[in-house]
Amino acid sequence: MSKNISQFRNIGIMAHIDAGKTTVTERILFYTGKSYKIGEVHDGEAVMDWMQDEQDRGITITSAVTTCEWKNSLIQIIDTPGHVDFTVEVERALRVLDGAIGVFCAVGGVEPQSETVWRQADRYSVPRMAFINKMDRIGADFFGAVNSIKKKLIANPVILQLPMGSEDRFAGVIDLINMKQITWDDETKGAEYSIDDIASEFEEIADEYREKLLEAVSEVNDEIMEKYLSEEDISIEHINKAIRKATISRQIVPVFCGSALKNKGIQPLLDGISLYLPSPQDVPPIKGVHPETGEELEFLPQKNGPLAALIFKVSMIEGRKLSFARIYSGRIEAGSEVFNPFLNKKEKLSRILQMHANKRERLKEASAGDIIGIVGLKDSGTGDTLCSQDYPVFLEKMEYAAPVISIAIEPKTHADQEKLEEVLEKFTMEDPTLKVRLDEETGQTILSGMGELHLEIIISRMLKEFKTNVNVGKPQVVYREILTSRSKGHAVFEREISGKGHFADIYICLEPLNRGDGITFKCKPGNDKIPEQYIPAIEKGIRETLEGGYLRGYPLVDVAIIIEDGGFDERSSELAFSVGASMACRNALENGALGLLEPIMEVEIFVPDNYMGDAISDLNARGGKVESITSKMGIQVIKAVAPLARMFGYSTALRSVTQGRGTFSMKFSRFDKA
């Protein structure tokens, strides 16, 4: 890649399910010459939705990476899923992106999952632009959508384009910076467009919003403010520079509009990506820590700097491991070796690939700013750092939400039994939110994930990609256990193992903490009671016991562990104190009062007016609590909370009480007493 790093744009496209982000990406690929034809999601032909399940269901499941060029910019795009069950894909993408486009439906405005991904982007300080899509849809409300960005996302949207009409009268857009109107040619599928003077019917509103645009930009830029107050002419170049600066510093969110499906509005959006979103040089340098000294290190996006790259995703494509990495500094060559400080070992890069969804092109080398695929990494996983052994660094690890739903699976045949373990290992390597454990009582394999759809896709992929058949048990909710009163435990471990004596004596106290406080550990006795070298073994033994729970085998949370007393002699060892601590912990749990926490979900339900009563009574029957109801153009939006255990099969029930017209979205809210 011969481009200068200042021309790179590493961006993500994020939105609520069905807002049209994959359609937007498909149009970008078509107009930048990357695709020779437009792939449609509804036909199962979208380039970015290459997985069989994505094509069958018409949704994005896995984030896909692609690269295209527009004018002087090299744009590397990650198209992320919109369904709440796959937020980990969005999380991974945002971790390595420099900028993002939020796609919003002109009818729905800011929907629940848009809020979730927007907050994730806030956490990673990612500059954003907004694209109001589906301006041709019945009920499209451009200003309503912009207003919802302001209110729900607490952002500062600045309108750079106005739609010319809406619904079936949507004809094009008005560019408020150049004060021109842009219309697209239907015969060339929007590849050709004309830029003309603004039609008289739109002149008044264009002048009004041009004034608002200058006002908004002057509020975040002193130079523009001076010119604006003294009524001097402000050049387009100055306006663009000010918008770019304010976008990168996240003071404003530039707003564009169009209809991706009708091929309108994409080229100006591409111009906006080049003009306003940051290059790797415009964002703060990536920080890391030295593995041994703990010293903070900073890496500038330079080809000749020390290597710092982050693996943000691992995919098993056709059974082979493909690692996706973002290079922040330095360069790597195909066939060379890199160092993984987390594993403290070297790994060989057999091939470096430039990705285009599931197609790929070999590269001899890649450098700072590139997002690439790597073949050949045996042990490195998601969140690991790749660097040089002479200059080791830990880049910040990613954190993932805990799974909320489980199913039991069993192989159908002996041949499936042999394959199952290997297949599950591949899935857990690929997806950090998927957890697998063996239920020792039943001998079943328990699969835990982020939602019904998440687990359904995993089972479907087992069959389609890996030809592994399994019987699936009823979904089970993943609970948490809590201690409800203070309790004490004591154990003496005294045993001979392989001819060697082991001894430990431990008194512990467990105290309940507030919800969300986690697990704390404190050791009171001095070295004369318990030598310091045994403290880590004690903590490990107790934490492992709490992880296995006591009531029903669910993890025990929000508890303070206090070691109150103990004793040792010449036979004492780490093993004795680890096992002794575990025994004392179980003794304390036997003596204590325990309770269960269950996952509570935030539910947002959209139903036509005349079905609202039925929808609410069905929700009440499931133990749901309605928190608010708002009306929006003949649709009632019900916000509620409900226990996950009662929400299985809800999509079918909602369709049945609303004759197929109701929709809902659900995301994890908190754990509460069951």
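Computed over heavy atoms, backbone and side chain alike; hydrogens, waters and symmetry mates excluded.
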Self-check item: Non-hydrogen side-chain atoms of F142 and S166 separated by less than 4.5 Å
Solution: no
- Query: Any side-chain heavy-atom pair from M129 and L277 closer than 4.5 angstrom?
  - Reply: yes
Under the side chain to side chain contact (heavy atoms under 4.5 Å, CB included) rule, what do V146 and F104 come out as? Steps first, then yes or no, please. CA-CA 9 Å; V146 173; F104 301 93; over 6 Å; no
Taking the inter-plane angle between the rings of F256 and Y276 on a 0 to 90° scale, is it parallel (under 30°), tilted (30 to 60°) or perpendicular (over 60°)? tilted
| query | Between F202 and Y209, does the ring centre distance come in under 6.0 Å? | reply | no
Paired with Q267, the side chain to side chain donor-acceptor pair (under 3.5 Å) test is passed by just one of W184, W70, Y31, namely W184
query = Would you call E69 and Q7 a side-chain contact if the rule is heavy atoms closer than 4.5 Å?
reply = no
**Report entry** Close side-chain approach of L261 and R27, heavy atoms under 4.5 Å
**Finding:** yes
Does the side chain of N221 come within less than 4.5 Å of I243's, by heavy atoms?
no
- Residues R244, D282: salt bridge by 4.0 Å N-O rule: yes
Between P392 and F339 the two heavy atoms that sit nearest each other are CB-CE2, 4.3 Å
Q.
Does E219 form a side-chain hydrogen bond (donor to acceptor under 3.5 Å, both in side chains) with Y228? I'd like the steps, not just the answer.
A. CA-CA 10 Å; E219 279 172 19; Y228 180 68; over 6 Å; no
**OP:** Carefully, step by step, assess L162 and F143 under the rule side chain to side chain contact (heavy atoms under 4.5 Å, CB included).
**Re:** CA-CA 9 Å; L162 290 173; F143 296 108; 3.7 Å; yes
d(S388 OG, I332 CD1) to nearest 0.5 Å is 12.0 Å
Show your working on side chain to side chain contact (heavy atoms under 4.5 Å, CB included) between R670 and V641 and close with a plain yes or no. CA-CA 10 Å; R670 62 185 187 275; V641 290; 4.2 Å; yes
dist I159:CD1 -> I252:CD1 (nearest 0.5 Å) comes out at 12.0 Å
**Worked verdict on Q251 versus S249 for side-chain hydrogen bond (donor to acceptor under 3.5 Å, both in side chains)** = CA-CA 6 Å; Q251 292 172 288; S249 60; 2.8 Å; yes
Separation between CG (L275) and CG (N240), nearest 0.5 Å, reads 5.0 Å
The residue among I75, I13, I11 that forms side chain to side chain contact (heavy atoms under 4.5 Å, CB included) with I28 is I13
Heavy-atom distance under 4.5 Å between the side chains of L213 and V158, does that happen here?
yes
Heavy atoms of I149 and A130 approach each other most closely as CD1-CB, 3.9 Å
Side chain to side chain contact (heavy atoms under 4.5 Å, CB included) with N10: of D370, D98, I77, only one passes, and it is D98
Check: Would you say the side chain of S73 lies within less than 4.5 Å of the side chain of I273, judging by non-hydrogen atoms?
Finding: no
- Task: Check the pair T67, I371 against side chain to side chain contact (heavy atoms under 4.5 Å, CB included), reporting the backbone distance first and the verdict last.
- Result: CA-CA 9 Å; T67 310; I371 294 175; over 6 Å; no
Of all heavy-atom pairs linking I5 and P301, the shortest is CD1-O, 3.5 Å
Result for side chain to side chain contact (heavy atoms under 4.5 Å, CB included) between F170 and one of R137, K134, M164, K264 points to K264
E203 meets the side chain to side chain donor-acceptor pair (under 3.5 Å) criterion, sequence neighbours left out, with none
- Task: Please tell me if the side chains of I101 and F131 come closer than 4.5 Å, counting only heavy atoms from C-beta onward.
- Result: yes
